[in-house]
Chemist: 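Here it is, the structure, as structure tokens.
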Amino acid sequence: MAAKAVLPPFECQYQGWKLAGVDEVGRGPLAGPVVTAAVILHPDRPIKGLADSKKLTEKRREALYDEIIEKAAAWSLGRCEADEIDRLNIYQATLLAMERAVAGLCVPPEYVLVDGNRCPNWHWPSEPVIKGDGRVAAISAASILAKVTRDREMVAMEEIYPGYGLAGHKGYPTPVHLEALQRQGVTPIHRRSFRPVQEALEAFGVWQGEQAGIADIHGEELHWPEDLFEKV
């Protein structure tokens, strides 16, 4: 088996400190939001150990999360819920969530680096960085904030929608999750445009658990300007 190519250190054409790194978590799950983060690191408050969130232990991610919140010059989260994902498609929803994250920064960025191979169509000067979560510190910080935020939320969703294993698989299509969909049906946080959810909805219907008193936390807490939505 050929060894994977090692990418060279990333060299950014922008050399100022108002550099935002952006990353996302949650494109592949069948349930829950896609969550993005944007981070501008403070030049005088270095954070040691920043790396791709997927390569860090949960304990280390949690510790770095607190340190990023404390030391970053600015940070912001963006998201799209399951119904938005169904309406826009996961790709467009991810771009929108990234735009929301950058727009929420209290320090306007002068340049934005996005993990991946494409940037949203926005007004900030920017460029994509392949494997950026392991090559750019600000993107690494964004990946940590996004992952810890989404993981915590899926643990909380397990309390509202028990029996799906959300706290463990975080909404990804594991055998446990697929079996639960066939046994319990589709919840309001499942993405109905994803094939396994479509099939479960057609065959087994919607979740029949007790819903009295459960707040729609997504709809009540998030109010986004209409002009942020891309025309598709």
Chemist: When rounded to the nearest 0.5 angstrom, what is the spacing between OH in Y161 and CE in M154?
Modeler: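 Going from OH on Y161 over to CE on M154, the span is 10.0 Å.
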Chemist: Decide yes or no for M98 and V114: does some side-chain heavy atom of the first lie under 4.5 Å from some side-chain heavy atom of the second?
Modeler: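 Answer yes - side chains close enough.
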Chemist: Determine, step by step, whether H190 and T187 satisfy the side-chain hydrogen bond (donor to acceptor under 3.5 Å, both in side chains) criterion, reporting the C-alpha distance in whole Å, the side-chain angles of both residues, the deciding distance to 0.1 Å, and the verdict.
Modeler: CA-CA 6 Å; H190 277 96; T187 75; 2.8 Å; yes
Chemist: Would Y164 and H169 count as a close aromatic pair, with their ring centres under 6.0 Å?
Modeler: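 When the ring centroids of Y164 and H169 are compared, they turn out to be at least 6.0 Å apart.
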Chemist: Identify whether V22 and I130 are in the same connected component of the hydrophobic contact network (ILVMFWY, side-chain heavy atoms under 4.5 Å).
Modeler: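 Not linked; separate clusters.
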Chemist: With rounding to the nearest 0.5 angstrom, report the CG to OG1 distance, D23 to T94.
Modeler: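 Answer for the CG-OG1 pair, D23 versus T94, is 10.5 Å.
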Chemist: Is there a donor-acceptor pair closer than 3.5 Å between any side-chain N or O of T36 and the backbone N or O of G78?
Modeler: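 Yes, the answer is positive, given that a donor and an acceptor are paired below the 3.5 Å cut-off.
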Chemist: Considering non-hydrogen atoms only, spot the tightest contact between G163 and A180 and give its length.
Modeler: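 Minimum heavy-atom separation between G163 and A180: O-CB, 3.5 Å.
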Chemist: Would R60 pass as a cation-pi partner of Y65, given that its NZ or CZ must be under 6.0 Å from the six-membered ring centre and within 45 degrees of the axis?
Modeler: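 Not flagged: R60 not positioned over aromatic ring of Y65.
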Chemist: Does L166 share a hydrophobic cluster with V197, counting links as ILVMFWY side-chain heavy atoms below 4.5 Å and allowing steps through other members?
Modeler: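 They do share one cluster, since a chain of ILVMFWY contacts under 4.5 Å joins L166 to V197.
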Chemist: Applying the side-chain contact (heavy atoms from CB on, under 4.5 Å) criterion to S76, which one of L145, L105, V107 satisfies it?
Modeler: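 By the side-chain contact (heavy atoms from CB on, under 4.5 Å) criterion, S76 pairs with just one of L145, L105, V107: L105.
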Chemist: Distance from E24 atom CD to C80 atom SG, nearest 0.5 Å?
Modeler: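 Spacing of CD (E24) from SG (C80) equals 11.5 Å.
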Chemist: Inspect the surroundings of CG in D66 and state if more than 12 heavy atoms from other residues, nucleotides or ligands are less than 6.0 Å away.
Modeler: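 It does: D66 CG has more than 12 such atoms within range.
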Chemist: Closest approach of P188 and W207, non-hydrogen atoms and distance?
Modeler: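 Answer, listing the atom of P188 first, then W207: CD-CE3, 4.4 Å.
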Chemist: Transitively linked via ILVMFWY side-chain contacts under 4.5 Å: I160 with V206?
Modeler: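 Yes, I160 and V206 fall within the same hydrophobic cluster.
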Chemist: Can you check whether G134's main-chain N or O pairs, donor with acceptor, with D52's side chain at less than 3.5 Å?
Modeler: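 Side chain of D52 to backbone of G134, a donor-acceptor pair under 3.5 Å: no, none is there.
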Chemist: Is any NZ, NE, NH1 or NH2 atom of the basic residue among E62 and K147 found under 4.0 Å from an Asp or Glu carboxylate oxygen of the other?
Modeler: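 Looking at K147 together with E62, the answer is no, because their closest N to O distance does not fall below 4.0 Å.
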Chemist: Please test I69 against W75 for side chain to side chain contact (heavy atoms under 4.5 Å, CB included), starting from the C-alpha separation and ending with a verdict.
Modeler: CA-CA 7 Å; I69 295 298; W75 62 273; 3.2 Å; yes
Chemist: Is a donor on one side and an acceptor on the other found under 3.5 Å between the side chain of Q184 and the backbone of P162?
Modeler: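 The answer is yes, because a donor-acceptor pair under 3.5 Å joins these two groups.
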Chemist: Keeping D115 on the side-chain end and D133 on the backbone end, is there a donor-acceptor pair under 3.5 Å?
Modeler: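 Between the backbone of D133 and the side chain of D115 there is a qualifying donor-acceptor contact (under 3.5 Å).
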Chemist: Do L95 and W122 touch side chain to side chain, with heavy atoms closer than 4.5 Å?
Modeler: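 Not touching, per the 4.5 Å side-chain cut-off.
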Chemist: Could you pull out the closest heavy-atom pair between R27 and I90, with the gap in Å?
Modeler: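 Heavy atoms only, the tightest pair is O-CG1, 3.5 Å.
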Chemist: Flag yes if Y172 and L178 sit in one hydrophobic cluster, no otherwise; membership is Ile, Leu, Val, Met, Phe, Trp, Tyr, and two members link when side-chain heavy atoms are under 4.5 Å apart.
Modeler: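 Y172 and L178: separate clusters.
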Chemist: Are the side chain of R100 and the backbone N or O of R79 linked by a donor-acceptor pair below 3.5 Å?
Modeler: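 Yes, because the side chain of R100 sits within donor-acceptor range (under 3.5 Å) of the backbone of R79.
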Chemist: About how many Å separate CG of L96 and CD1 of I85, when rounded to the nearest 0.5 Å?
Modeler: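 Rounded to the nearest 0.5 Å, the CD1-CG separation comes to 10.5 Å.
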Chemist: When you measure from the side chain of E84 to the backbone of E81, do you find a donor-acceptor pair of N or O atoms at a distance under 3.5 Å?
Modeler: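 Such a contact is found between E84 side chain and E81 backbone.
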Chemist: Using 0.5 Å steps for rounding, measure from the CD atom of E110 to the NZ atom of K18.
Modeler: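 The NZ atom of K18 is 5.0 Å from CD of E110, to the nearest 0.5 Å.
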Chemist: State the OG-CG distance between S53 and D151, to the nearest 0.5 angstrom.
Modeler: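 The CG atom of D151 is 8.5 Å from OG of S53, to the nearest 0.5 Å.
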Chemist: Which heavy atom in R191 sits nearest to a heavy atom in G26, and how many Å separate them?
Modeler: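 Closest pair (atom of R191, atom of G26, distance): NH2-O, 2.7 Å.
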Chemist: To which residues is V136 joined in a hydrophobic cluster, defined by side-chain heavy-atom contacts under 4.5 Å among Ile, Leu, Val, Met, Phe, Trp and Tyr, whether direct or through other members?
Modeler: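 Answer for V136: F10, Y14, L19, Y111, L113, V129, I139.
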Chemist: Would you check, one step at a time, whether the test side chain to side chain contact (heavy atoms under 4.5 Å, CB included) holds for E127 with Q13?
Modeler: CA-CA 10 Å; E127 65 181 297; Q13 59 183 325; 3.7 Å; yes
Chemist: Look only at the side chain of D86 and the backbone of S193, and say whether a donor-acceptor pair between them is shorter than 3.5 Å.
Modeler: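 Yes: the side chain of D86 pairs with the backbone of S193.
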Chemist: Assess whether atom NZ of K71 is packed by more than 12 heavy atoms of other residues, nucleotides or ligands within 6.0 Å.
Modeler: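 Result for NZ/K71: enclosed.
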Chemist: Does R61 reach the main-chain N or O of L56 with its side chain, forming a donor-acceptor pair under 3.5 Å?
Modeler: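 Flag set: sc R61 to bb L56 pair under 3.5 Å.
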Chemist: Might you point out which heavy atoms bring A37 and A101 nearest each other, and give the distance in Å?
Modeler: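 So the two residues come closest at C-CB, 4.0 Å.
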Chemist: Between R150 (side chain) and P33 (backbone), is there a donor-acceptor pair under 3.5 Å?
Modeler: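 Checked: pair present.
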Chemist: V25 and I68: same hydrophobic cluster, using ILVMFWY side-chain contacts below 4.5 Å?
Modeler: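 Different clusters.
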Chemist: Apply the test side chain to side chain contact (heavy atoms under 4.5 Å, CB included) to residues V102 and H123: give CA-CA distance (whole Å), side-chain angles for both, the deciding distance (0.1 Å), then the verdict.
Modeler: CA-CA 11 Å; V102 178; H123 67 274; over 6 Å; no
Chemist: Return the minimal non-hydrogen interatomic distance between G28 and P173, and the atom names on each side.
Modeler: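 Answer, listing the atom of G28 first, then P173: O-CD, 3.9 Å.
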